[in-house]
Structure formats: C-alpha cells, structure tokens
Amino acid sequence: MKYELKSGTDVIITKSRIEIIRTSGKSAMKTLFAGRTSGETVIRTSAITGAVFYSDYLMIFASGFPSPSDFKVFSTADIKQYPNCIVGKNEELDPIYEEILNIMKTQRDY
C-alpha cells in the first residue's frame, strides 16, 4: 500500500518492509527547515517492535532504529527528527498506524 502525505513524504508498506521516502521537493524543503531527517528509510516488518501515534506524528519502533527512552524527556520537535518517525496530519497517519498494528498482530499470531 502506498500513502502520499500532503507534506510530500511517501510511505510504502509491503509484507516485508516499510519505506519512508522524503525525497520529493516539498518534503525535502520541509525537512531542511524543520531539522528532520530527509532521504529514504527502510524498516523490515520483522524488526518492528511497536508504534506510537500522536495527532501529528507516528513513531515506529524497530530493532536497529533509535527511539527515545522516555517520551517525557524529549520534546516533540526532537522526536520528529528521528528517521523512523513519520510526520503528517492525523487523518493521513491513522490508516498507516492501523496497517502497522495489523502487521504486528500478524507477526504475533505466528
């Protein structure tokens, strides 16, 4: 499934991986000024350990990727800079979050 966020970020989810692509002109400019990670991030679905969804960002926890040890210590701006964090509008992120939850549920059932 491919999700094209209004920020210019694309998220492609397959059975084996999640690709977060921030290379379009619009996304690259937003990441430059916001201090966020640009480029492409690939997360194997087998490495996913969890996810946190707030109103304007979705953080995917996976083996080998950084994660804040305590969300109370980190500001939202810091969290949004992580390569495994997707920034967007609530209605854009909700279906991505649901799909990630389904992936985790499927892995747990095996």
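Here the structure is a predicted model, which means the values were calculated and not measured. Along the sequence shown, the residues carry numbers beginning at 1.
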Min side-chain heavy-atom separation Asp10-Tyr3 under 4.5 Å: no
For residues 85-92, run the donor-acceptor check on the side chains, cut-off 3.5 Å, and write out each pair with its distance to 0.1 Å, sequence neighbours left out.
unit_1 : atom_1 : unit_2 : atom_2 : d
Glu92  : OE1    : Lys89  : N      : 3.0
Glu92  : OE2    : Lys6   : N      : 2.6

Under the side chain to side chain donor-acceptor pair (under 3.5 Å) test, which residues partner Asp56, sequence neighbours left out? Lys80
According to side chain to side chain donor-acceptor pair (under 3.5 Å), who are the partners of Arg17, at least two apart in sequence or on a separate chain? Glu19
Check the pair Met59 / Asn84 against side-chain contact (heavy atoms from CB on, under 4.5 Å), numbers first and verdict last. CA-CA 6 Å; Met59 179 74 151; Asn84 45 327; 4.1 Å; yes
For Glu99, the salt bridge (Lys or Arg N to Asp or Glu O under 4.0 Å) test, sequence neighbours excluded, returns none
Min side-chain heavy-atom separation Pro83-Pro66 under 4.5 Å: yes
Does some side-chain heavy atom of Ile43 sit less than 4.5 Å from a side-chain heavy atom of Ile20? yes
Is Ile103 close to Ile13 at the side-chain level, that is, under 4.5 Å between some pair of heavy atoms? yes
Supply the atom-to-atom distance Arg44 CZ to Phe65 CZ, rounded to the nearest 0.5 angstrom. 9.0 Å
Looking only at heavy atoms, what is the nearest atom pair of Ser63 and Thr49, with distance? OG-CG2, 4.2 Å
Tell me, please, which residues at least two apart from Lys15 pass side chain to side chain contact (heavy atoms under 4.5 Å, CB included). none
With a 4.5 Å cut-off on side-chain heavy atoms, are Ile48 and Phe61 touching? no
Residue that, paired with Ile60, satisfies side chain to side chain contact (heavy atoms under 4.5 Å, CB included) out of Ile96, Ile18, Thr41: Ile18
If two hydrophobic side chains count as joined below 4.5 Å and joins carry through other members, does Val42 share a cluster with Ile12? no
Among residues at least two apart in sequence or on other chains, which ones pass side chain to side chain donor-acceptor pair (under 3.5 Å) with Glu98? none
Straight-line distance of Leu101 CG to Lys105 NZ, nearest 0.5 Å: 11.0 Å
Is the shortest heavy-atom distance from the side chain of Ile21 to the side chain of Thr9 under 4.5 Å? no
Please report the closest heavy-atom contact between Tyr54 and Tyr57, naming both atoms and the distance. CD1-OH, 2.8 Å
Closest contact, heavy atoms only, Arg22 versus Tyr82: NH2-O, 4.3 Å
